[in-house]
Amino acid sequence: MHRRTSLRAVAALMAAGALAGLAGCGTLGLPDRIVITEAQLQERLVSNFPQQRRVLSLVDLTLQQPVLRLLPAQNRVAVQWPLQATERLTRKAAAGLLDADSMLRFDAGDMTLRLAQVRVASLQLADAGGPWPQPVQQAAAVVAEQLLEGQVVWRASTRQAERLRQAGVQQVDVRITEAGIELALGSTPR
């Protein structure tokens with residue numbers, strides 16, 4: 001009887017070990033956190049620019065390669081975009097600089113990090129005649145916030161995206177730290 005109890009205990013331990021192994025496979029070896037450094041994020045972001053946008057069918061806007069900074073104390077990122085604007089009717093051109101800050105949100109649908117709650121701190125436009133009138137620049141800042149909302153700043157590689165989908169990752173808490181953008185991965189129950 002003692003031998004039978006020992007065999008049952010060994011079998012129970014083996015079964016528990018197999019279940020633990022299966023649970024580990026469910027996460028596909030993914031860590032519970034991913035950190036994207038400021039340099040990595042900057043490199044990915046720059047690769048998406050320059051971008052051209054048409055604003056209200058009146059102005060063609062070209063956003064040049066941005067410079068990104070982390071703002072851990074506010075859990076936000078600051079982004080500075082050099083830009084060019086061309087008024088479509090008169091072809092009058094201006095150059096400028098857009099300073100904005102934003103939170104980041106993770107979109108599980110396409111496995112991207114996107115700007116969220118964008119706030120334009122300043123938008124300065126000038127042409128050969130000097131700075132554009134302040135009311136025009138203020139209106140442009142409002143339009144810029146709308147244009148930048150949801151802008152992709154990072155996209156998981158095809159391999160990363162597939163692993164995240166297989167692991168059932170849907171919820172990702174995004175936190176800006178001194179080390180970089182920290183993604184805390186959460187999965188949906190299966």
Side-chain angles (χ1 to χ4, degrees), residues 34-157 161 170-184:
I34 295 173
V35 176
I36 305 164
T37 67
E38 184 174 347
Q40 290 169 327
L41 189 59
Q42 177 69 36
E43 183 180 322
R44 291 267 183 105
L45 181 60
V46 166
S47 69
N48 295 326
F49 289 88
Q51 285 186 10
Q52 294 186 335
R53 307 269 178 95
R54 182 155 289 158
V55 180
L56 304 173
S57 299
L58 299 173
V59 176
D60 288 330
L61 185 66
T62 302
L63 295 167
Q64 302 297 334
Q65 293 183 337
V67 175
L68 180 129
R69 283 183 304 114
L70 302 180
L71 304 173
Q74 294 90 21
N75 199 37
R76 296 177 77 81
V77 293
V79 187
Q80 189 176 69
W81 269 284
L83 57 91
Q84 295 176 328
T86 304
E87 197 275 320
R88 293 187 67 217
L89 296 175
T90 64
R91 304 305 301 159
K92 184 176 181 181
L97 192 60
L98 170 68
D99 280 311
D101 65 83
S102 176
M103 294 186 77
L104 296 175
R105 70 173 169 81
F106 185 81
D107 185 336
D110 60 2
M111 301 294 172
T112 57
L113 271 179
R114 296 175 176 270
L115 298 180
Q117 299 179 22
V118 177
R119 297 184 305 213
V120 171
S122 70
L123 175 64
Q124 302 157 3
L125 287 169
D127 59 22
W132 282 15
Q134 193 62 30
V136 172
Q137 292 192 54
Q138 289 171 335
V142 171
V143 171
E145 284 180 353
Q146 295 170 355
L147 282 174
L148 295 175
E149 188 70 28
Q151 171 71 47
V152 173
V153 295
W154 179 86
R155 182 179 308 276
S157 70
Q170 292 292 317
Q171 296 174 283
V172 176
D173 292 325
V174 180
R175 200 165 61 103
I176 289 96
T177 68
E178 293 291 335
I181 311 301
E182 185 178 284
L183 308 177

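Just so you know, these numbers use all the heavy atoms, side chains as well, and skip hydrogens, waters and symmetry mates.
Using a 4.5 Å heavy-atom cutoff, the side chains of Q146 and V142 are in contact. For the pair L113/V172, no side-chain contact is recorded, criterion being any heavy-atom separation below 4.5 Å from C-beta on. Residues L98 and L148 have side chains in contact (heavy-atom distance under 4.5 Å, counting atoms from C-beta outward). The shortest side-chain heavy-atom distance between T62 and L83 does not fall under the 4.5 Å cut-off. A heavy-atom distance below 4.5 Å is not found between the side chains of D173 and L183.
Side-chain polar atoms of R175 and T177 form no donor-acceptor pair below 3.5 angstrom.
Atoms CD and OG1, from Q52 and T86 in turn, are 9.0 Å apart once rounded to the nearest 0.5 Å. Here the straight-line distance linking atom CD1 of I181 with atom CG of L70 works out to 4.5 Å at 0.5 Å rounding. Between the CE atom in M103 and the CG atom in L71 there is a gap of 11.5 Å [rounded to 0.5 Å]. Between R155 atom CZ and L45 atom CG the span is 12.0 Å, to the nearest 0.5 Å. To the nearest 0.5 Å, atoms NZ (K92) and CG (D127) are separated by 4.5 Å. How far OG of S102 is from CD of Q117: 7.5 Å, rounded to the nearest 0.5 Å.
Applying the ring-ring contact (aromatic ring centres under 6.0 Å, His included) test to pairs two or more places apart or on separate chains, those with a residue in residues 61-115 are F49-W81.
Of the possible polar contacts, one joining the N75 side chain to the I176 backbone as a donor-acceptor pair under 3.5 Å is found. Between the side chain of Q124 and the backbone N or O of L97, no donor-acceptor pair lies under 3.5 Å. Side-chain atoms of R53 come within 3.5 Å of backbone atoms of L147 as a donor-acceptor pair (strictly under, hydrogens ignored). Using modelled atom types, no side-chain atom of R105 and backbone atom of A116 make a donor-acceptor pair closer than 3.5 Å.
Minimum interatomic distance between A100 and V118 (heavy atoms only, all atoms of both residues): CB-CG1, 4.3 Å. For the residue pair A156 and A161, the shortest heavy atom distance occurs at CB-N, 3.9 Å. Looking at every heavy atom in both residues, Q80 comes nearest to D99 through NE2-OD1, 2.8 Å. Across every non-hydrogen atom of D107 and R114, the tightest pair is OD2-NE, 3.6 Å. A pairwise comparison of heavy atoms in Q51 and Q151 identifies NE2-NE2, 3.2 Å as the closest pair. When all heavy atoms are compared, the tightest approach of A141 to V120 is O-CG2, 3.6 Å.
Counting non-hydrogen atoms of other residues, nucleotides and ligands closer than 6.0 Å to CD of E43 gives a total of 12 or fewer. By the 6.0 Å contact criterion, CD on E178 is open, its count of non-hydrogen atoms from other residues, nucleotides or ligands being 12 or less.
E149 is linked by a side-chain hydrogen bond (donor to acceptor under 3.5 Å, both in side chains) to nothing, counting only residues two or more places apart in sequence or in another chain. Partners of D60 according to the side-chain hydrogen bond (donor to acceptor under 3.5 Å, both in side chains) rule, which considers only residues two or more places apart in sequence or in another chain, are R54.
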